[in-house]
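Have a look at the structure below, then the notes.
Remember, it's a predicted structure, so these values are computed and weren't measured experimentally. So that the names make sense, note that chain A is the first sequence line, chain B the second, and so on, each numbered from 1.
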Amino acid sequence: MERRVIVIAGPTCSGKTTLAIEVAKELNTEIISADSRQIYKYLTIGTAKPTKDELKKVPHHLIDILNPDEDYSASKFENDSLGIIEKLHHNGKIPVVAGGTGLYIHAVLQGIFEGVDTDPEYRSYLNKLRDQYGDEYIYEMLVKTDPQSAEKMLPQNWKRVMRALEVYHLTKVPIWKHQEEYVRELDLEFYFYGLEWERDVLYKNIETRVDLMVEQGLLNELKSVLSKGYQPNVNALNTVGYKELIPYLNNEYSLQRAIELIKRNTRRFAKRQFTWFRRYADIQWMKVGCSDDITRIKDEIISKL
RNA sequence: GGGCAGAUAGCUCAGUUGGUAGAGCAAAGGACUGAAAAUCCUUGUGUCGGCGGUUCAAUCCCGUCUCUGCCCA
């Protein structure tokens with residue numbers, strides 16, 4: 001029974017898509033996208049989805065599965081991706097998981113503790129409290145209910161504070177305890193790779209790609225999503241490339257400024273991705289200097305199986 | 001060729017009536033367990049253009065050179 005899984009991580013614009021396709025083609029297998037934005041339909045240019053041609057070469061999973069106003073989560077991703085992995089294994093294939101969403105990659109590799117769903121009603125209640133009384137207020141709520149978790153967080157980081165409150169609200173057990181007790185037993189063998197670039201080269205590529213996205217009609221793509229009736233504040237549009245263009249459409253600044261911001265925010269995003277992936281001791285970093293290296297890396301990955 | 005104004009952090013600049021300097025932006029490092037392209041935290045040593053001089057002490061004053069901009073020939 002097959003139990004191997006190839007995982008390809010790395011920052012945005014690092015060549016994950018191309019590499020994954022080359023590997024999958026050679027192994028005659030399929031790709032699972034670990035990308036919290038490519039999940040959404042209509043966000044195509046700005047999320048640098050694989051092209052139609054590329055999608056034709058190799059079957060892809062978890063791309064274009066949601067409307068922009070639908071919710072998703074790391075835990076759903078874990079379930080969905082593990083389900084697909086199981087099916088592929090059943091067919092004797094080695095799945096290729098590729099993507100840049102650190103938490104999703106984490107969900108596949110190690111899992112997210114189970115059993116505590118989101119509670120939209122409670123979240124909107126907390127959001128209201130926060131709007132009215134500020135970060136400190138909800139943080140104090142956490143200090144009272146789950147001081148141990150509160151100690152590890154700052155009041156400003158309200159998203160984490162809210163999640164901790166939510167978990168306690170639903171289970172009466174602090175989040176750190178759930179985390180501590182959670183053990184996932186899965187018989188999978190991961191081959192975990194990260195793509196590494198010289199920082200300034202990657203940044204230059206990012207800028208070129210942003211210009212290309214604009215040329216390809218990023219702005220029209222956003223307008224078309226909005227014209228379908230999706231609100232500018234949906235989670236899907238809180239995405240680099242789109243969130244900077246919305247104020248431009250509202251005449252808050254120039255298009256040139258928006259493009260600058262997209263480039264800067266993409267750079268910062270790439271940096272955060274490096275920070276996230278550096279935490280894994282078992283990641284094998286593959287140095288990339290130009291797009292030709294991808295084929296070489298593909299060969300190396302396959303030879304190590 | 002002459003005159004004037006500049007030259008300080010990666011960039012744009014501020015500043016020190018002489019005691020070796022600080023903002024914004026950019027950038028770097030970090031956190032992250034069901035919103036994660038999200039949400040947050042931390043970080044400013046730089047021959048103050050070069051070389052001389054004055055001074056206990058020069059980024060600051062003086063001289064000179066180089067470069068940049070403007071003006072006059």
| request: For Gly46(A), answer base if it contacts any base atom (sugar-phosphate contacts may also be present), sugar-phosphate if it contacts only those atoms, and nothing otherwise; contact means non-hydrogen atoms under 4.0 Å. | output: base
| Within 6.0 Å of CD in Glu86(A), more than 12 heavy atoms from elsewhere | no
| Is any side-chain N or O of Arg160(A) closer than 4.0 Å to OP1 or OP2 of U33(B)? | yes
| field | salt bridge (Lys or Arg N to Asp or Glu O under 4.0 Å) involving Arg264(A) - partner list, sequence neighbours excluded | value | none
| query | Phe274(A) CZ to A27(B) C1': how many Å, rounded? | reply | 15 Å
| said: Test of understanding: with ring-ring contact (aromatic ring centres under 6.0 Å, His included), list the residues that count as partners of Phe274(A), not counting sequence neighbours. | reply: none
| task | Could I get the full list of ring-ring contact (aromatic ring centres under 6.0 Å, His included) partners for Tyr125(A), not counting sequence neighbours? | result | Tyr122(A)
| field | Members of residues 181-208 of chain A that approach RNA chain B, where some heavy atom sits under 4.0 Å away | value | Arg199(A), Tyr203(A)
| message | Could you work out, with salt bridge (Lys or Arg N to Asp or Glu O under 4.0 Å) as the rule, every residue matching Asp119(A), not counting sequence neighbours? | response | none
| Donor + acceptor pair across side chains of Tyr191(A), Glu189(A) (<3.5 Å) | yes
| note | One should read off an interatomic distance between Ile63(A) CD1 and Ile32(A) CD1, to the nearest 0.5 angstrom, of 11.0 Å
| said: Counting the atoms with a prime plus P, OP1 and OP2 as sugar-phosphate, which does Arg163(A) contact under 4.0 Å by heavy atoms, base, sugar-phosphate, or nothing? | reply: base
| note | Residues at least two apart in sequence or cross-chain that pass salt bridge (Lys or Arg N to Asp or Glu O under 4.0 Å) with Lys304(A), listed by chain then number, are Glu300(A)
| Can you list, by residue number, the residues of residues 251-259 of chain A that have a non-hydrogen atom closer than 4.0 angstrom to RNA chain B? | none
| query | Whole Å only: how far is the OH atom of Tyr139(A) from the P atom of C41(B)? | reply | 13 Å
| Can you check the Arg264(A) CZ to A27(B) P distance for me, whole Å? | 7 Å
| request: In whole angstrom, give me the gap between the C1' atoms of C25(B) and A14(B). | output: 14 Å
| query | A58(B) and C51(B): how far apart are their C1' atoms, nearest whole angstrom? | reply | 14 Å
| said: Using the side-chain contact (heavy atoms from CB on, under 4.5 Å) criterion, which residues pair with Lys271(A)? Sequence neighbours excluded. | reply: Arg199(A), Tyr203(A)
| said: Is there a side-chain contact between Gln156(A) and the phosphate of U39(B), meaning an N or O under 4.0 Å from OP1 or OP2? | reply: no
| When the nearest nucleotide of RNA chain B is assigned to His106(A) and to Trp158(A) on a heavy-atom basis, which residue is associated with the more 5' position? | His106(A)
| task | Counting heavy atoms from C-beta on, name the nucleotide in A26(B), C32(B), G34(B) closest to the side chain of Arg267(A). | result | A26(B)
| Which range-with-range stems can be found for RNA chain B when each stem has 3 or more Watson-Crick or G-U pairs in a row and both distances sit under 3.5 Å? | B:1-7 with B:66-72, B:10-13 with B:22-25, B:27-31 with B:39-43, B:49-53 with B:61-65
| task | Please check the phosphate of A36(B) (OP1 and OP2 only) for any side-chain N or O of Arg37(A) closer than 4.0 Å. | result | yes
| field | Interatomic distance, Gln273(A) CD vs A28(B) P [rounded to whole Å] | value | 13 Å
| query | Mind checking what makes side-chain contact (heavy atoms from CB on, under 4.5 Å) contact with Ser36(A), not counting sequence neighbours? | reply | Thr101(A), Tyr104(A)
| said: Closest-nucleotide mapping onto RNA chain B: is Asn157(A) or Gly111(A) further toward the 5' terminus? I mean the 5' end. | reply: Gly111(A)
| request: Using salt bridge (Lys or Arg N to Asp or Glu O under 4.0 Å) as the criterion, list what pairs up with Asp135(A), not counting sequence neighbours. | output: Arg130(A)
| query | Of the nucleotides A27(B), A35(B), G29(B), which one has an atom closest to the side chain of Lys271(A)? | reply | G29(B)
| query | Within the pair Arg268(A) and A27(B), is there a side-chain N or O less than 4.0 Å away from OP1 or OP2? | reply | yes
| task | Figure out the CZ/C1' separation between Arg130(A) and A35(B), and round it to whole Å. | result | 13 Å
| message | I need the CD1-C1' distance between Ile63(A) and A37(B), as an integer number of Å. | response | 15 Å
| note | Of A35(B), U33(B), A37(B), the nucleotide closest to the side chain of Gln38(A) is A37(B)
| note | Side-chain atoms of Phe269(A) come closest, of G34(B), C32(B), A37(B), to A37(B)
| field | Side chain of Trp276(A) (C-beta onward), nearest among C32(B), A37(B), G34(B) | value | C32(B)
| Under 4.0 Å: is that the gap between some side-chain N or O of Thr101(A) and OP1 or OP2 of A36(B)? | no
| request: Between G34(B) and U12(B), how far apart are the P atoms? Round to whole Å, please. | output: 44 Å
| request: Measure from NZ on Lys177(A) to P on U33(B) and round the result to the nearest Å. | output: 19 Å
| task | Please evaluate the base of A35(B) for a donor-acceptor partner in the side chain of Arg123(A) within a cut-off of under 3.5 Å? | result | yes
| said: For a quick check of understanding: with a heavy-atom distance under 4.0 Å over all strands, which category does Asp71(A) fall into, base, sugar-phosphate or nothing? | reply: nothing
| query | Closer than 4.0 Å, any side-chain N/O of Tyr104(A) to the OP1 or OP2 of A36(B)? | reply | yes
| task | Rounded off to whole Å, could you give me the CG-to-P distance for the Leu154(A) and A31(B) pair? | result | 14 Å
| message | Need one value for Gln110(A): base, sugar-phosphate or nothing, where a base atom within 4.0 Å counts as base even if backbone is also close, heavy atoms only. | response | nothing
| said: Using a heavy-atom cut-off of 4.0 Å across all strands, would you classify Ile112(A) as base, sugar-phosphate, or nothing? | reply: base
| said: Suppose you measure atom C1' in U17(B) against the same atom in A9(B); what distance do you get, rounded to whole Å? | reply: 26 Å
| query | Do we see a donor-acceptor contact under 3.5 Å between the side chains of Thr266(A) and Arg209(A)? | reply | no
| Counting side-chain heavy atoms from C-beta on, which of U39(B), G34(B), A26(B) comes nearest to Arg272(A)? | U39(B)
| field | Donor-acceptor pair, side chain of Glu78(A) and main chain of Ile112(A), under 3.5 angstrom | value | yes
| task | Under 4.0 Å between any heavy atoms, over every strand shown, what does Thr47(A) touch: base, sugar-phosphate, or nothing? Just pick one. | result | base
| request: Could you give the distance separating C48(B) and G15(B) at their C1' atoms, to the nearest angstrom? | output: 11 Å
| query | Regarding Glu221(A) and Tyr242(A), is there a side-chain donor-to-acceptor distance under 3.5 Å anywhere? | reply | yes
| task | Classify the nucleic acid contact of Arg279(A) as base, sugar-phosphate or nothing, counting any heavy atom under 4.0 Å across all strands shown. | result | base
| field | Non-neighbouring partners of Asn157(A) that pass side chain to side chain donor-acceptor pair (under 3.5 Å), sequence neighbours left out | value | none
| field | OP1 or OP2 of A36(B) under 4.0 Å from side-chain N/O of Asn235(A) | value | yes
| task | Classify the nucleic acid contact of Met162(A) as base, sugar-phosphate or nothing, counting any heavy atom under 4.0 Å across all strands shown. | result | base
| query | Looking only at atom C1', what distance separates G22(B) and G44(B), rounded to whole Å? | reply | 8 Å
